[in-house]
**Q** 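First the structure, then my questions, so here it is.
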Amino acid sequence: MSDDVQKVILQLPASAEYVDIVRLNLYGIASKMGFTYEDIEDMKVAVSEACNNSVLYAYGQKNGLVDVIFEVEESALSITVKDEGESFDGLDKSSERMTLHDKELSDVQVGGLGFYLMQALMDDVSVVSEAGKGTVVTLKKHLNFSEEKV
């Protein structure tokens, strides 16, 4: 990681009512970087999905915390959502990129569309999940300098 990466770190209760705080921070950071309105809206959907997975699946009804780390680079924004709750076992780690191709919608796990959405809306998506250690979702969007700034 280079020295010119700036970080904004949030630690929030794993509760749905706090996801809007993440979205508002994302909007502020991404708009200052020059992302288009469409890119910002895509990122808001993707980060909401990542946060909702932590809220819904990581801790169940127990109290927990979700860390959200924004890493601002010159030409990209990375958003990491971390929890220390139950790991997510719905991912097939052998596949490089998940796809809905040749699948019926009924074959998709309930709640499983969030990861497809994240991959469709972001440039890079990484999910690391370990039993007893939680889940780390990293989302990255590259800034396209040929687009007009917001």
Side-chain angles (χ1 to χ4, degrees), residues 1-58 65-85 87-105 107-130 133-150:
M1 193 174 347
S2 83
D3 292 333
D4 57 346
V5 174
Q6 297 178 343
K7 287 186 181 182
V8 176
I9 302 169
L10 301 174
Q11 187 174 65
L12 304 164
S15 175
E17 61 201 43
Y18 291 97
V19 174
D20 281 344
I21 292 172
V22 176
R23 291 167 53 100
L24 288 168
N25 279 271
L26 169 61
Y27 176 79
I29 292 167
S31 62
K32 285 187 184 303
M33 290 179 70
F35 280 98
T36 65
Y37 176 79
E38 292 80 11
D39 280 345
I40 294 171
E41 290 302 306
D42 287 351
M43 288 188 282
K44 284 168 55 178
V45 170
V47 80
S48 294
E49 287 296 329
C51 290
N52 286 334
N53 282 332
S54 289
V55 168
L56 295 172
Y57 303 116
L65 296 172
V66 176
D67 294 332
V68 180
I69 303 158
F70 298 93
E71 293 184 52
V72 180
E73 301 172 41
E74 185 177 333
S75 62
L77 176 60
S78 293
I79 308 148
T80 301
V81 179
K82 298 190 321 185
D83 64 63
E84 294 180 355
S87 64
F88 181 75
D89 296 325
L91 294 176
D92 178 6
K93 292 179 179 31
S94 66
S95 68
E96 186 174 305
R97 186 162 175 100
M98 295 179 289
T99 178
L100 286 174
H101 185 70
D102 293 333
K103 287 186 182 176
E104 295 293 325
L105 191 56
D107 293 338
V108 179
Q109 284 184 324
V110 174
L113 287 176
F115 287 101
Y116 293 106
L117 266 175
M118 286 185 268
Q119 287 185 320
L121 298 172
M122 301 298 288
D123 295 326
D124 298 305
V125 177
S126 166
V127 180
V128 177
S129 189
E130 292 185 48
K133 295 187 179 181
T135 301
V136 178
V137 176
T138 304
L139 309 165
K140 188 169 193 170
K141 188 75 155 179
H142 297 280
L143 188 58
N144 185 347
F145 289 108
S146 66
E147 297 174 347
E148 272 188 43
K149 292 189 175 190
V150 176

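When reading the values below, keep in mind they use all heavy atoms of this one structure, side chains included, and skip hydrogens, waters and symmetry mates. If you read the sequence from its start, that first residue is 1, and numbering goes on from there.
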**Q** Report yes if some heavy atom in the side chain of Val81 is under 4.5 Å from a heavy atom in the side chain of Val47; otherwise report no.
**A**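 They are in contact (side-chain heavy atoms under 4.5 Å apart), so the answer is yes.
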**Q** Just by distance, do the side chain of Ser15 and the backbone of Tyr18 share a donor-acceptor pair under 3.5 Å?
**A**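 Not at all, since once roles are kept as given, no pair shorter than 3.5 Å links the two residues.
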**Q** Can you tell me how far OH of Tyr27 sits from OH of Tyr37, rounded to the nearest 0.5 angstrom?
**A**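 The OH atom of Tyr27 is 8.0 Å from OH of Tyr37, to the nearest 0.5 Å.
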**Q** For Ser129 and Thr135, work out which heavy atoms get closest and say how close.
**A**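 The pair with the smallest heavy-atom distance is OG-OG1, 3.0 Å.
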**Q** Only counting residues at least two apart or in another chain, list the ones meeting side chain to side chain contact (heavy atoms under 4.5 Å, CB included) with Leu24.
**A**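 Here no residue qualifies.
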**Q** Please report the closest heavy-atom contact between Ala16 and Val55, naming both atoms and the distance.
**A**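 So the minimum-distance heavy-atom pair works out to N-CG1, 3.6 Å.
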**Q** Could you list the residues that satisfy side chain to side chain contact (heavy atoms under 4.5 Å, CB included) with Asp67, not counting sequence neighbours?
**A**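 Side chain to side chain contact (heavy atoms under 4.5 Å, CB included) check on Asp67 returns Gln11, Lys82.
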**Q** Would Val22 and Leu12 satisfy side-chain contact (heavy atoms from CB on, under 4.5 Å), going step by step from the backbone distance to the final call?
**A** CA-CA 9 Å; Val22 176; Leu12 304 164; 3.3 Å; yes
**Q** Quick check: closest heavy atoms across Val125 and Met118, and the distance to 0.1 Å?
**A**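 Heavy atoms only, the tightest pair is CG2-O, 3.5 Å.
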**Q** To the nearest 0.5 Å, what is the distance between OH on Tyr116 and CG on Leu121?
**A**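 It is 14.5 Å, given to the nearest 0.5 Å.
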**Q** For Ser48, which residues count as a side chain to side chain donor-acceptor pair (under 3.5 Å) partner, sequence neighbours excluded?
**A**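 In terms of side chain to side chain donor-acceptor pair (under 3.5 Å), with neighbours along the sequence ignored, Ser48 is linked to Arg23.
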**Q** So does Ile40 get a backbone contact from the side chain of Lys141, meaning a donor-acceptor N/O pair under 3.5 Å?
**A**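 Looks like no, no N/O pair under 3.5 Å.
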**Q** Would Met33 and Val72 count as a side-chain contact (heavy atoms from CB on, under 4.5 Å) here? Give the steps.
**A** CA-CA 8 Å; Met33 290 179 70; Val72 180; 3.7 Å; yes
**Q** Is any side-chain heavy atom of Leu139 closer than 4.5 Å to a side-chain heavy atom of Met43?
**A**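 Sidechains of Met43 and Leu139: no contact.
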**Q** With rounding to the nearest 0.5 Å, note down the distance linking CD in Glu49 to CG in Leu56.
**A**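 If I round to the nearest 0.5 Å, the distance is 9.5 Å.
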**Q** Which residues pass the side chain to side chain contact (heavy atoms under 4.5 Å, CB included) test with Val8, sequence neighbours left out?
**A**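 Residues passing side chain to side chain contact (heavy atoms under 4.5 Å, CB included) with Val8: Ile29, Phe70.
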**Q** Hey, what do you get for CD (Gln6) to CD (Glu71), rounding to the nearest 0.5 Å?
**A**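 Atom-to-atom, Gln6:CD and Glu71:CD are 11.5 Å apart.
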**Q** Minimum heavy-atom separation for Asp83 and Ser54, please, with both atom names.
**A**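 Minimum heavy-atom separation between Asp83 and Ser54: OD2-OG, 2.7 Å.
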**Q** What residues, two or more places apart in sequence or in another chain, satisfy side chain to side chain contact (heavy atoms under 4.5 Å, CB included) together with Ala76?
**A**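 Applying side chain to side chain contact (heavy atoms under 4.5 Å, CB included) to Ala76 gives Glu73, Lys140, His142.
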**Q** Starting at NZ of Lys44, measure out to CG of Asn25 and round the result to the nearest 0.5 Å.
**A**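 Going from NZ on Lys44 over to CG on Asn25, the span is 12.0 Å.
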**Q** Heavy atoms, side chains only, cut-off 4.5 Å: are Val68 and Leu26 in contact?
**A**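 They are not in contact (no side-chain heavy atoms under 4.5 Å apart), so the answer is no.
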